[in-house]
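Just so it is clear, the model here is predicted, and its values are computed rather than measured.
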Amino acid sequence: MSQQTTPNASGWTPDSWRCKPIKQCPEYPDKAALEKATNELKTLPPIVLPNEIIRLREHLRDVAQGKAFLLQGGDCAELFSYCQQDVIESKIKLLLQMSLVLLWGADKPVVRIGRMAGQYAKPRSSPVETINGKEVPSFRGDILNGFHPDERELDPNRLVRAYQYSAATLNYIRGAIGSGIADLHGPLDWGLGHVRDPALKSKYQETVDRIQEMLRFMHTIGADQNEKLSTVELFTSHEGLLLEYEEPLTRLLNHPSVRSYPPDSTTPPKKEYYNTSAHFLWIGDRTRQIDHAHVEYFRGIANPIGVKIGPSTPTSDLLPMLRTLNPNREPGKVTLITRYGADKVASLLPAHIHTVESSEYARTVVWQCDPMHGNTQSVSGGIKTRKFSDIFSELQQTLRIHKEQKSYLGGMHLELTGDAVTECLGGGAGLDEDDLSTNYTSFCDPRLNEKQALELAFLVADHYRQERKEKEAERRKSSVV
């Protein structure tokens, strides 16, 4: 099957990025093997389909307009070995539990996107690192090379393996959801025994009691028989870092518009370029240069897309970026994923919000907080970790600033796992530096464990509950006056 490269209305093609400068681009020594791998990818079927991508675009439009909340989470660097039943199920269940808490707190539908089924590439600040006194190429994710020092050479065959593991992971996600893993009639583990602070534990327990009471009431009146309560939508995402992988999986496909019967032969179907490797992709903080390859590639795909912005993002870059990536100002097309750090968010975020929301892009952007990447630190022994208190502080400050700016924080973007890892400090269990070695399994950045991630959802839900109480009190006061 030959790859279609018909230019779109703006003269873009899936390979037009190749004429632009590029960062974080691997230099494969074996060009013939690379060509063989990418040619094979061109023949393989899509992993995700246009109708799914369009449905996510519609959901993110609601998020941009304040009608829904976006929960995005998963591994920092997904490994091929994570393609296992229990590993996949633990993430699905955690995202479901978190979304229930957020749904109760924010009183809005929750859109769920997993950092899974494709998050195999990671940018690195240095192409090499030293292990046991020997300099070796840096580990850049399973799609490029192996973590073991003897497997650090770039291997193009890993591109095809990444496709296979992504397809298998998403296949199991679909099967598990179709088989009822997300059925709200089933029990969920709400154990809070790890929370040491009595006041915090009481607050969490109140939330759990309310959710369980709601589910029991729905069961009593028969409202839980709605098929929507036995399944959920879970979309997939990854950083679109490796364009050698993304290009061959970018296909010119029919837009899933409403079809008439009998078919109208006078109107040809609308076609768009879809990246069929995932529903949602984002541009990282290291590759968002407006005149570079990644922005060039992303401007042409029909998928909803994200852009990481942080302390190194000039305010003057925001509008040119949005005008390049979303010239039609489609609400929800672009998600700005803010990642400053707890000590910088207050000084940087307000100007970024003001620039966008006072422009023609007001109420079109999804603002999403990534409170993880700006709060990474190293402790004794060079171990990378993050403090739960810093993560929550950045999220809490971001909520407050959006409220002050009269904008809307549409969601949060977290690195998390459904396993009981010990990679981030603090939380209800009070993990300290001595606990890190207990179960530190990340091959890249530290992740929230399942209890810390759920705690974060409790805290955010509580913020929205308190906000609603304040609004209700103001409404009653004004009605009396």
Side-chain angles (χ1 to χ4, degrees), residues 1-10 12-17 38 41-64 68 70 72 111-119 162-164 166-175 177-178 231-240 243 245-261 263-265 267-283 296-306 325-335 364 366:
M1 183 186 77
S2 61
Q3 183 77 24
Q4 296 170 296
T5 56
T6 305
N8 66 13
S10 62
W12 179 93
T13 58
D15 62 352
S16 58
W17 62 270
T38 54
L41 287 175
K42 291 176 184 178
T43 68
L44 294 171
I47 297 176
V48 302
L49 298 171
N51 64 307
E52 299 168 336
I53 294 169
I54 295 301
R55 197 156 62 245
L56 178 58
R57 275 169 48 176
E58 292 170 350
H59 291 325
L60 291 177
R61 177 193 61 205
D62 291 340
V63 175
L70 171 60
Q72 188 170 2
V111 181
R112 306 166 190 86
I113 303 180
R115 284 175 58 113
M116 55 196 304
Q119 178 56 10
Y163 171 94
Q164 293 166 343
S166 295
T169 299
L170 184 54
N171 181 62
Y172 186 74
I173 290 173
R174 287 173 170 146
I177 289 175
T231 187
V232 297
E233 287 183 304
L234 177 60
F235 300 96
T236 62
S237 68
H238 62 258
E239 179 177 354
L243 298 185
Y245 177 76
E246 308 301 344
E247 178 191 326
L249 291 173
T250 303
R251 311 287 171 80
L252 184 61
L253 301 172
N254 289 340
H255 184 282
S257 54
V258 177
R259 294 178 175 85
S260 60
Y261 188 84
D264 182 1
S265 60
T267 304
K270 178 184 177 183
K271 291 180 176 291
E272 291 183 300
Y273 275 105
Y274 296 89
N275 181 308
T276 65
S277 71
H279 302 105
F280 179 97
L281 298 98
W282 72 87
I283 304 173
E296 169 62 23
Y297 170 77
F298 271 72
R299 78 178 180 90
I301 59 175
N303 306 58
I305 59 179
L325 296 174
N326 188 18
N328 297 324
R329 301 196 296 278
E330 176 190 336
K333 167 67 176 178
V334 175
T335 296
T364 68
V366 173

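Across Pro50 and Leu253, no two heavy atoms sit closer than the pair CG-CD1, 3.6 Å. Across all non-hydrogen atoms, the minimal contact from Arg251 to Leu41 is NH2-O, 2.9 Å. Contact record, Val366 with Gly332: CG2-CA, 4.0 Å, taken as the closest heavy-atom pair. The shortest non-hydrogen separation linking Gly306 to Phe280 is N-CZ, 3.5 Å. Scanning all heavy atoms of the two residues, the minimum distance from Leu243 to Pro248 falls at O-CD, 4.3 Å. Residue Leu60 comes nearest to Pro304 through the heavy atom pair CD1-CB, 3.6 Å, listed as atom of the first residue, atom of the second, then distance.
Taking 4.5 Å as the limit, some side-chain heavy atom of Glu246 sits within range of a side-chain heavy atom of Ser277. Taking 4.5 Å as the limit, every side-chain heavy atom of Leu252 sits out of range of all side-chain heavy atoms of Asn8. Between His255 and Ile54 the shortest side-chain heavy-atom distance falls below 4.5 Å. Two residues are said to be in side-chain contact when any heavy atoms from C-beta on lie closer than 4.5 Å; Tyr245 and Ser166 meet this criterion.
Within the model, atoms CG of Leu249 and OG1 of Thr38 stand 10.5 Å from one another, a figure rounded to the nearest 0.5 Å. Distance check: Glu52 CD to Ile47 CD1 gives 11.0 Å after rounding to the nearest 0.5 Å. In this structure, OG1 on Thr276 lies 8.5 Å from CG on Asn303, to the nearest 0.5 angstrom. Expressed to the nearest 0.5 Å, how far CG of Leu70 lies from CG of Leu56 amounts to 8.0 Å. To the nearest 0.5 Å, the span separating CD on Gln72 from OG1 on Thr335 amounts to 7.5 Å. Atom NZ of Lys333 and atom CD1 of Ile305 lie 5.0 Å apart (nearest 0.5 Å).
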Q: Evaluate the side chain to side chain contact (heavy atoms under 4.5 Å, CB included) criterion for residues Met116 and Ile173: first the C-alpha distance (whole Å), next the side-chain angles of each, then the deciding distance (0.1 Å), finally the verdict.
A: CA-CA 10 Å; Met116 55 196 304; Ile173 290 173; 3.7 Å; yes
Q) Going through the distances and angles, do Thr250 and Tyr274 end up as a side chain to side chain contact (heavy atoms under 4.5 Å, CB included)? A) CA-CA 5 Å; Thr250 303; Tyr274 296 89; over 6 Å; no
Q | Full working for side chain to side chain donor-acceptor pair (under 3.5 Å) between Gln119 and Ser237 | A | CA-CA 7 Å; Gln119 178 56 10; Ser237 68; over 6 Å; no
(Q) Working note: Tyr297 + Asn275, criterion side chain to side chain donor-acceptor pair (under 3.5 Å); need CA distance, chi angles, decisive distance, verdict. (A) CA-CA 10 Å; Tyr297 170 77; Asn275 181 308; 2.8 Å; yes
Q.
One pair to check against side chain to side chain donor-acceptor pair (under 3.5 Å): Glu296 and Ser16. What are the steps and the verdict?
A. CA-CA 7 Å; Glu296 169 62 23; Ser16 58; 2.7 Å; yes
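With sequence neighbours left out, the salt bridge (charged side-chain N to carboxylate O under 4.0 Å, His left out) criterion links Glu330 to Arg57. Among residues two or more places apart in sequence or in another chain, the salt bridge (charged side-chain N to carboxylate O under 4.0 Å, His left out) test is passed with Arg55 by Glu233. Qualifying ring pair (Phe, Tyr, Trp, His ring centres under 6.0 Å) partners for His238, counting only residues two or more places apart in sequence or in other chains: none.
With ring centers used as reference points, Trp282 lies 6.0 Å or more from Phe298.
His59 contributes no side-chain N or O that, together with a main-chain N or O of Val111, makes up a donor-acceptor pair within less than 3.5 Å. Under a 3.5 Å cut-off, the side chain of Thr364 and the backbone N or O of Pro331 do not form any donor-acceptor pair.
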